[in-house]
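Scroll down for the structure; my scribbles are underneath it.
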Amino acid sequence: MTDRDDECEMGYWLGKPFWGQGIMPEAVKELLRHAFEDLRMQKVWIGYYEGNTKSKRVQGKCGFKYQWKSENVDVPLMNEKRTGHVSLMTKEDWQLI
Ligand SMILES: CC(C)(COP(=O)(O)OP(=O)(O)OC[C@H]1O[C@@H](n2cnc3c(N)ncnc32)[C@H](O)[C@@H]1OP(=O)(O)O)[C@@H](O)C(=O)NCCC(=O)NCCS
């Protein structure tokens, strides 16, 4: 999502038995702290594919701001195209949370 050295992208996966306990929002919040405080990032990008309501919810709960949707995103591992939704957390927004 970015080529800049002061920005990064976050992604996550959790085993099914652990879903629904708020584990990933807690992990994402700590990774945001790590990105902004330790790595001195200015922006953290994140995304989910259309239909992944659980991931959308995690991103909403963590305060990411919706940016745009991209049609026909290549997913090489699945050999298919999907619609992607991109959100952003800036350092300034994070400091207000
Ligand atoms: C997306 C994912 C990380 C969510 O992690 P999590 O720790 O379960 O997150 P939460 O506990 O905050 O749950 C998020 C939402 O998912 C939904 N949800 C949780 N467990 C669910 C379950 N077993 N069945 C249906 N919906 C569920 C709820 O709506 C919940 O929102 P709520 O707290 O407002 O009710 C996890 O589902 C996952 O690893 N999925 C597979 C990989 C993936 O999709 N990664 C993201 C790629 S963008």
Side-chain angles (χ1 to χ4, degrees):
M1 291 181 187
T2 178
D3 291 332
R4 294 181 57 108
D5 289 340
D6 60 350
E7 300 181 8
C8 63
E9 176 181 341
M10 193 188 295
Y12 41 68
W13 176 94
L14 187 65
K16 256 189 188 173
F18 306 101
W19 289 6
Q21 301 171 48
I23 291 173
M24 198 51 79
E26 187 179 334
V28 167
K29 284 172 194 168
E30 172 56 16
L31 277 174
L32 283 172
R33 187 209 61 73
H34 178 58
F36 291 125
E37 285 187 359
D38 303 334
L39 302 179
R40 302 189 177 277
M41 293 288 136
Q42 295 303 312
K43 293 180 178 177
V44 177
W45 296 89
I46 204 161
Y48 65 90
Y49 292 122
E50 181 102 4
N52 193 342
T53 52
K54 292 187 274 298
S55 186
K56 176 183 181 182
R57 181 78 184 113
V58 169
Q59 293 170 25
K61 282 202 266 189
C62 293
F64 284 84
K65 288 191 179 163
Y66 189 78
Q67 302 296 307
W68 63 72
K69 120 175 152 173
S70 305
E71 308 274 9
N72 294 314
V73 180
D74 262 321
V75 187
L77 286 175
M78 304 295 286
N79 196 26
E80 63 185 28
K81 290 185 188 296
R82 296 186 188 175
T83 299
H85 296 272
V86 175
S87 293
L88 175 67
M89 179 75 75
T90 63
K91 187 165 192 178
E92 292 73 25
D93 287 345
W94 174 74
Q95 283 166 332
L96 295 173
I97 290 176

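First listed ligand is number 1; within each ligand, the first listed atom is number 1.
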* Determine whether Tyr49 and Tyr12 fall in the same hydrophobic cluster, where Ile, Leu, Val, Met, Phe, Trp and Tyr are linked whenever their side-chain heavy atoms lie under 4.5 Å apart. => no
* Transitively linked via ILVMFWY side-chain contacts under 4.5 Å: Met89 with Leu31? ->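 They do share one cluster, since a chain of ILVMFWY contacts under 4.5 Å joins Met89 to Leu31.
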* Structure fact -> Residues passing the side-chain contact (heavy atoms from CB on, under 4.5 Å) test with Leu39, sequence neighbours excluded, are His34, Met41
* Show which residues join Leu77 in its hydrophobic cluster (side-chain heavy-atom contacts under 4.5 Å, direct or indirect), or state none. =>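 Same cluster as Leu77: nobody, lone residue.
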* **salt bridge (Lys or Arg N to Asp or Glu O under 4.0 Å) partners of Lys69, counting only residues at least two apart** =>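 For Lys69 the salt bridge (Lys or Arg N to Asp or Glu O under 4.0 Å) partners, ignoring immediate neighbours, are Glu71.
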* Ile23, Leu14, Val28, Asn52 screened by side chain to side chain contact (heavy atoms under 4.5 Å, CB included) with Val58, the one that passes -> Val28
Just the distances, no angles: every ligand 1 N or O to protein N or O pair closer than 3.5 Å, one line each.
from	atom 1	to	atom 2	distance (Å)
ligand 1	7 (O)	Ile23	N	3.4
ligand 1	7 (O)	Met24	N	2.9
ligand 1	8 (O)	Gly20	N	2.8
ligand 1	11 (O)	Gly20	N	3.3
ligand 1	11 (O)	Gln21	N	3.2
ligand 1	11 (O)	Gly22	N	2.8
ligand 1	12 (O)	Lys61	NZ	2.7
ligand 1	20 (N)	Gly20	N	3.4
ligand 1	33 (O)	Lys61	NZ	2.7
ligand 1	34 (O)	Arg57	NE	2.6
ligand 1	34 (O)	Arg57	NH2	3.1
ligand 1	37 (O)	Trp19	NE1	3.4
ligand 1	39 (O)	Leu14	N	2.6
ligand 1	39 (O)	Leu14	O	3.2
ligand 1	44 (O)	Asn52	ND2	2.8
ligand 1	45 (N)	Tyr12	O	2.8

